[in-house]
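In the text below, chain A, chain B and the rest are named by the order of the sequence lines, each starting its count at 1.
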Amino acid sequence: MTDDISRPLARAPRGFVDHRARDLAAEREILSRVSAVYERYGFEAFDTGALEYADALGKFLPDADRPNEGVFALQDDDEQWMALRYDLTAPLARFVAQSWETLPKPFRRYAFGTVWRNEKPGPGRFREFTQCDADTVGSARPEADAEIIAMAAEGLGAAGLAQGDYVLKINNRKLLNGLLVRAGVTTEGQKLAVLRAVDKLDRLGPDGVRYLLGEGRKDESGAFTKGAGLSTSAADAVLAFTAAGRADRTETLDLLANVIGGSAEGDEGLAELSRIDQALTGLGVGADQAIFDPSVVRGLEYYTGAVFEAELLLRSLDEKGQPIRFGSVGGGGRYDDLVARFTGEPVPATGFSFGVSRLASALRAAGQDLGRQTRGPVVVIVFSPDDMPAYFALVAELRAAGIAAEVYLGSSGMKAQMKYADRRLSPAAIILGGDEILAGTVTIKDLDLGRALSTGVTDNAAWRAERPGQQTLPRAELIPALRRILEA
RNA sequence: GCCGCCUUAGCUCAGUUGGUUAGAGCGCUAGAUUGUGGCUCUAGAGGUCCUCGGUUCGAAUCCGAGAGGUGGUACCA
């Protein structure tokens with residue numbers, strides 16, 4: 001009452017969320033299903049620690065005292081800066097560089113783990129979340145990309161997405177590079193501005209993107225975004241390129257050949273996509289699961305070749321009846337320069353990653369709730385502290401029989417104990433009072449059945465007399481009777 | 001990072017032109033019911049009215065700053 005000045009506020013830091021049993025069950029189910037697929041593809045499990053040295057993450061800023069660009073950083077006692085990993089790829093690159101000599105190459109691994117990003121949280125965006133990631137390091141073959149794509153598609157399907165709920169969209173950075181070279185764009189900054197503009201295609205439409213490719217765009221709030229400064233004809237070429245996606249993979253390739261053919265880098269990109277197409281076809285991945293889409297960007301600066309994005313196609317309504325679009329649930333691509341940061345040797349690599357809780361909420365919206373309500377244990381009601389040994393003998397017997405059970409350990413009366421069991425979603429409560437102990441019997445209350453029966457009862461006396469779902473039987477028949485209730 | 005809106009009980013919210021002890025519904029705890037979930041009735045607990053400063057005899061209410069939330073926008077490994 002008087003010491004409240006220093007009392008802490010009970011709240012989680014912003015962008016950090018608590019996970020109840022239901023969500024955890026869904027996420028674990030996804031991980032186990034996806035892991036099974038990834039292992040079948042020959043990827044081995046691998047994990048690193050949560051912290052990396054900040055320079056290994058590429059987040060050490062020479063000018064700043066503190067590496068603060070989106071990472072959580074702290075200083076070790078030898079004054080080196082460490083940071084919580086912000087994805088699973090950078091630690092993988094560090095590990096591969098460190099163990100290159102002894103690794104079987106190509107190195108194929110998958111990982112899932114918590115990552116942290118020190119940035120503004122938004123709807124569906126947190127500062128701590130679980131990522132699942134698979135990479136092949138040490139293969140430059142486009143077939144390595146194809147296999148990652150096929151595996152991603154199969155993984156999403158195994159997680160519970162139906163055919164047609166999602167599609168993998170594939171592009172290649174080299175195509176756009178070739179196009180830009182032909183259009184006379186040479187500076188890195190301008191190239192990045194073009195990529196950013198194209199990335200907004202689905203939100204702003206071709207007209208909005210045209211402004212961003214040219215002089216710039218002013219949005220409704222009056223904010224002005226500087227454009228890439230392309231000429232009108234160059235902007236037209238970019239837009240024509242992004243619109244070349246078709247439902248059929250080879251048809252898209254033919255169209256793209258017309259739009260960008262002739263530039264050396266563009267031809268290289270086309271050849272890679274063509275081999276990806278052939279490998280995918282061999283793997284049995286049709287155009288219903290993976291297509292070529294030249295508008296895919298994946299804003300990341302480090303991608304060097306193929307890029308891909310898993311897009312959710314399903315549309316659903318939120319609790320207010322507003323339609324929600326999920327868009328991308330995951331993505332990846334080829335990053336041939338990441339390991340070279342450490343060793344100087346270029347090491348080709350390709351990978352795919354997705355956010356686990358994002359996929360879980362997408363699945364929920366698709367009507368595929370893997371985290372069905374978690375059932376509570378069978379609850380043994382406590383009448384008298386003197387009979388505690390009898391309660392524990394009973395609960396031990398149930399546990400030995402493989403039935404989740406607990407003795408109520410609170411201090412409230414019987415009514416509250418029933419309420420507790422109800423709220424835990426327990427299948428049954430066991431009443432072992434003085435009467436039962438004397439008679440060598442036990443009373444089981446089937447809570448689901450009682451709940452169903454209670455809807456018809458309005459009269460209190462009848463409710464009390466009826467004791468819906470309740471049966472008293474000889475002690476020896478307890479476990480078989482409980483099994484029947486649990487299996488119902 | 002920039003712009004808009006919002007912040008009153010655990011939740012959803014009401015609160016008159018600035019006026020005395022800040023309310024409702026739901027939820028929670030308990031009683032009616034010697035040993036029973038629901039219904040009904042009754043009682044109870046629960047509040048730094050986001051924070052700090054200002055105006056005023058008087059502020060949940062008006063003004064300023066800050067924090068947090070939210071929606072855009074920018075960025076996104």
Walk along nucleotides 31-36 of chain B from 5' to 3' and tag each nucleotide B, S or - by protein heavy-atom contact under 4.0 Å, base first, then sugar-phosphate.
--B-BB

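Whole-Å rounding puts the A/Asp199 CG to B/C76 C1' distance at 10 Å. Taking atom CG of A/Asn118 as the reference point, atom P of B/C76 lies 17 Å away to the nearest angstrom. Distance, A/Arg298 CZ to B/C75 P: 15 Å, rounded to whole Å. When the C1' atom of B/C28 is taken as reference, atom CG of A/Asp422 falls 15 Å away, rounded to whole Å.
Evaluation of the ring pair (Phe, Tyr, Trp, His ring centres under 6.0 Å) rule for A/Tyr335 yields A/Tyr302 as partners, not counting sequence neighbours. A/Glu397 pairs by the side chain to side chain donor-acceptor pair (under 3.5 Å) definition with A/Arg475, not counting sequence neighbours. Residues forming a side chain to side chain donor-acceptor pair (under 3.5 Å) with A/Gln190 (at least two apart in sequence, or on another chain): none.
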Please tabulate, one pair per line, each protein N/O and nucleotide N/O from nucleotides 65-67 of chain B that are separated by under 3.5 Å, including the distance.
none

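When the P atom is used for both B/C63 and B/G19, the distance is 15 Å, rounded to whole Å. Atom P of B/U55 sits at a distance of 35 Å from the matching atom of B/C13, rounded to the whole Å. When the P atom is used for both B/G38 and B/A32, the distance is 15 Å, rounded to whole Å. Rounded to a whole angstrom, the distance from the P atom of B/G58 to that of B/G53 is 15 Å. Nucleotides B/C28 and B/C39 place their P atoms 9 Å apart, quoted to the nearest Å. Taking atom P in both B/G35 and B/A14, one finds a spacing of 45 Å when rounded to whole Å.
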Parsed dot-bracket for RNA chain B after applying the Watson-Crick and G-U rules with both distances under 3.5 Å and | for other-strand partners is (((((((..((((.....[...)))).(((((.......))))).....(((((..]....))))))))))))....

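Comparing B/G1, B/A30, B/G37 by their closest approach to the side chain of A/Ser412 singles out B/A30. In the set B/U73, B/G37, B/C75, the nucleotide with an atom closest to the side chain of A/Arg203 is B/U73.
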